[in-house]
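Keep in mind that this is a model prediction, so the values were computed, not measured. Just so you know, these numbers use all the heavy atoms, side chains as well, and skip hydrogens, waters and symmetry mates. Order of appearance sets the numbers: ligands from 1, and atoms from 1 within every ligand.
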Amino acid sequence: MARKKIIFGNWKMNNTIAQARDFCDEAKVISDLAKTKDVIVGVAPSYLSLQYVVEHKESLWVFAEETHYADHGAFTGEVSIPMLQEIGVQGSLVGHSERRKYHGETDLDCNRKIKALIKANMGVMYCCGETLKEFDEGLAKDVIRAQVTVALMDLKESDLARVYIAYEPVWSIGTGKNASEEIAIEMCSYIRSIISELFSPTAAEKISILYGGSVKPYNIKGYLSSEEVDGALVGGASLTAKSFEELIKEI
Ligand code: 13P
């Protein structure tokens, strides 16, 4: 069965509750558009606007941008999976490069979070990607292999039903320097081959692998026209309903 394309917006530290409200005023339009195009559309808002977005999401998926692996405890400033579940959040991003860079998150931290999310029947959007230095040194595939292998450690094949992977080269995030379609296709299919090795060819066939990094209305179609790229994880162009609609219309 063909995998459905997925367009996911990562709002990062953008959009106040008032701005999230404006976005949600168009949630029905966006949901209808997604249905017409037969694609899955989701957003990951900041914690403060999560509840409002969940309550007004229509058929959009709503994930958190981040979560802690412990259910509760002395972790000042963190938000747990039960807290997210209580308000109806369906999953969380894990391992975004900005979390790795500014919060020192490691692949092992990501593994803990992924296991906790799966145990709670939540979705996982696992982000991986190499830095510019690693790319220039020809290390992209080695970096991705380590990031994927460690993050998915101890998972069963059936757990992968809740896991989505986003290949986001760090050098393409927020820079306007999007990776070429060739690079996106090569890396997404490389990740698929790793899944095949770690789990099985069937698991590799089923899992959705997205590209992220400066995806805009003018370039989204190129990525998604490949069978290897199952969608896009979008930052800047996902912030307003208008630009999000433009992305979906282009598919
Ligand atoms: P931009 O689309 O703004 O480059 O951000 C990509 C990203 O980091 C999504 O997680």
Can the positive tip of K113 be found less than 6.0 Å from the middle of the six-membered ring of Y69, inside 45° of the ring normal?
no

Shortest reach to atom 10 (O) of ligand 1 by a heavy atom, considering only E168, K216, K177:
E168

Pair W61 + Y164: ring centers closer than 6.0 Å
yes

When you measure from atom 4 (O) of ligand 1 to each heavy atom in G174, A237, G235, which option holds the nearest one?
G174

Check: N111 side chain, V150 main-chain N or O, donor-acceptor pair, under 3.5 Å:
yes

Hey, which atoms in ligand 1 end up nearer than 4.0 Å to a heavy atom of L233?
9 (C), 10 (O)

So the ring-ring contact (aromatic ring centres under 6.0 Å, His included) pairs with at least one residue in residues 89-139 (sequence neighbours excluded) are F135-W171

With no hydrogens and no angle check, do the side chains of Y190 and E228 hold a donor and an acceptor under 3.5 Å apart?
no

Give the numbers and elements of all ligand 1 atoms closer than 4.0 Å to a heavy atom of K12.
5 (O), 6 (C), 7 (C), 8 (O)

Given Y167, which partner from the list I183, L233, L210 fulfils the side-chain contact (heavy atoms from CB on, under 4.5 Å) test?
I183

Any heavy atom of S214 closer to ligand 1 than 4.0 angstrom?
yes

Using a strict cut-off of 4.0 Å, indicate which atoms of ligand 1 neighbour a heavy atom of G236.
1 (P), 2 (O), 3 (O)

Are any of the N or O atoms of H96 closer than 3.5 Å to those of ligand 1?
yes

For I173, which part has a heavy atom under 4.0 Å from ligand 1: side chain, backbone, both, or neither?
both

